[in-house]
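So the structure is just underneath, and the comments pick up after that.
A, B, ... follow the sequence lines: proteins, then strands. Residue 1 opens every chain.
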Amino acid sequence: MTPRTPGADLPEHPDRLWSAAEPKASYDVVIVGAGGHGLATAYYLAKNHGITNVAVLERGWLAGGNMARNTTIIRSNYLWDESAGIYEHALKLWEDLEEELDYPLLFSQRGVLNLAHSLQDVRDSKRRVEANKLNGVDAEWLDPKQVKEVCPIVDISPDVRYPVLGATFQPRAGIAKHDHVAWGFARAAAALGVEFIEHCEVTGLRVTGGRVTGVDTPRGTIAAGRVALCAAGHTSVVAATAGIGLPLQSHPLQALVSELLEPVHPTVVMSNAVHVYVSQAHKGELVMGAGIDAANSYRQRGAFHIIERQMAAALELFPVFARAHVLRTWGGVVDVSPDASPIVGLAPVEGLYLNCGWGTGGFKATPGVGWCFAHTIAHGEPHPLNAPFSLDRFVTGALVDEHGAAAVAH
Amino acid sequence: MMLLIPCPWCGPRDEAEFHYGGQAHVAYPENPAALSDEEWARYLFFRDNPKGAFAERWSHSAGCRRWFNALRDTATNEIHAVYRVGEPRPVTS
Ligand SMILES: Cc1cc2nc3c(=O)[nH]c(=O)nc-3n(C[C@H](O)[C@H](O)[C@H](O)COP(=O)(O)OP(=O)(O)OC[C@H]3O[C@@H](n4cnc5c(N)ncnc54)[C@H](O)[C@@H]3O)c2cc1C
Ligand SMILES: [Zn+2]
């Protein structure tokens, strides 16, 4: 046998989707962080508002943060009007996004089941279904038999520790391929003139007379008319350089995949009570996530007992997974707010805009928050859909308390 | 990976035996009635979130059940010191 040249049978390297820019001395808008939110914001700034002198600065590589670490669950079945507003806006954008970006995103509306395991779960879930309907969000309450019809591998027997008493079902919910979403937004924004500068960490915000004037980076100071934070788990660190404290705590959040399996799981199943959520990716791996690690940390890895408990919960719900092997586990750093809702809007410094606090659930919002945050930056005032998510709600008390109210994990 | 946390009373134990209590040294306001809304918001909702040394509370809930404080680096997870509730935050170099 003749030895084959390594890589000889691989396809050609695809064309670059964006070009790596050298930082210019100044931009109209600097976006900190090239995760999904930074990229979507850049795209809609250019597309909807004609603002194209924009740089997205990224300390690592494009979409190397939570954007490529999440479990890609997309849904809009939140309890409160404020949340339903922004997440449903996002879901509507998702429904046309492949066409809009002219890029395959593997967006699959396979529905999501949020399981109820206690009488209180059942009451809360039914209430949420009614609230969803009032907000034009598709939602149904399913009894255990109907749950089994939607997802035949869920164990609905009554004699387990946390029996399935029913579930809410949102048929329009689903999953997408997160890295494609990032690349699709980056390509489309680059075509409109947005620049991406990777390996360029913002080490300080420049503020003069209460107004932001630019950012410090190891590649020099970059002047900016406006600065928009999309730094997810690191937002506190960046904001602190301008003396701004935020009600955020950074925690590791872990997920894992199994080896590739035949299609067995047709939908997405989430269970807040036992802390697990599962879907099966297009290639065939089971994708599972759990809750956050309790202790604050900026390490992109978490404790093993979290994974162990998550697997125990998954096995009780899906006995068929008993023979599956874990292929890989990983973690991201998520910025959790006190009411489990994001902070999107103005900052105490003029010209600075905040988008943070998405915690464990911001992937689904990507197009919606990009749309609304771009509006906020372009007009210097919040879009009506993100107005309720202001920083000052913690002073006024107008919290958007989704903790426990919606199946909030993701 | 799991943290190995040195309980001041029991010695090093697995993280799974502990319960986390968040930032340490957050005192209840001395005169709550005098606080403005901004000050209440600070007390209720704002906690430090440094990437680096962080003084935090832990309870050894599956052991001696006592609370204590730790000084941990949130960038590396290294625990620099543990100390008893009421003691000042240790100075580390
Ligand atoms: C394991 C896991 C599972 C999840 N599952 C889901 C899910 O199923 N559904 C869902 O809706 N959400 C989920 N999430 C949450 C979701 O991933 C996040 O809310 C969302 O990705 C945050 O927005 P982003 O994409 O912009 O963040 P990121 O991709 O984290 O972007 C932030 C970027 O900012 C960069 N940055 C930070 N500091 C600086 C600086 N100083 N200078 C320059 N750049 C900087 C970072 O390197 C990073 O690339 C999950 C998260 C994790 C970790
Ligand atoms: Zn102890």
(request) Let me know if B:Thr76 has heavy atoms under 4.5 Å from chain A in its side chain, its backbone, both or neither. (result) backbone

(request) Work out which heavy atom in B:Phe46 is nearest to a heavy atom in A:Leu391; give both atom names and the distance. (result) CZ-CD1, 4.4 Å

(message) Is B:Asp48 close to chain A through its backbone or its side chain, or both, or neither, when contacts mean heavy atoms under 4.5 Å?
(response) backbone

(message) With a 4.5 angstrom heavy-atom cut-off, is it the side chain or the backbone of A:Pro338 that approaches chain B, or both, or neither?
(response) side chain

(message) So does A:Ser297 get a backbone contact from the side chain of B:Arg72, meaning a donor-acceptor N/O pair under 3.5 Å?
(response) no

(message) Could you report the tightest heavy-atom contact between B:Pro50 and A:Tyr298, atom names first, then the distance?
(response) O-CE1, 3.1 Å

(request) Drop me the distance from A:Gln249's CD to B:Arg47's CZ, to the nearest 0.5 angstrom. (result) 8.0 Å

(request) Name the region of A:Ile307, side chain, backbone, both or neither, that has any atom closer than 4.5 Å to a heavy atom of chain B. (result) neither

(request) Any chance you could measure A:Asp339, atom CG, to B:Phe45, atom CZ, to the nearest 0.5 Å? (result) 7.5 Å

(request) State, without any angle test, whether A:Ser250 and B:Asn49 hold a side-chain donor-acceptor pair at a distance under 3.5 Å. (result) yes

(request) Measure distances from B:Phe54 to the heavy atoms of chain A and classify the residue's part below 4.5 Å as side chain, backbone, both or neither. (result) side chain

(request) Select one option (side chain, backbone, both, neither) describing which atoms of A:Ala295 are under 4.5 Å from chain B's heavy atoms. (result) both

(request) Taking all heavy atoms of B:Ala75 and all of A:Arg299, pick out the closest pair and write down the distance. (result) O-CD, 3.0 Å

(request) Of all the heavy-atom pairs spanning B:Thr74 and A:Asn296, show the shortest one and how long it is. (result) CG2-O, 3.9 Å

(message) Please determine whether the number of non-hydrogen atoms from other residues, nucleotides or ligands lying under 6.0 Å from atom CH2 of A:Trp61 exceeds 12.
(response) no

(message) For a quick test of reading the model, state the closest non-hydrogen atom pair linking B:Glu15 to A:Ala303 and the distance between them.
(response) OE1-CB, 3.5 Å

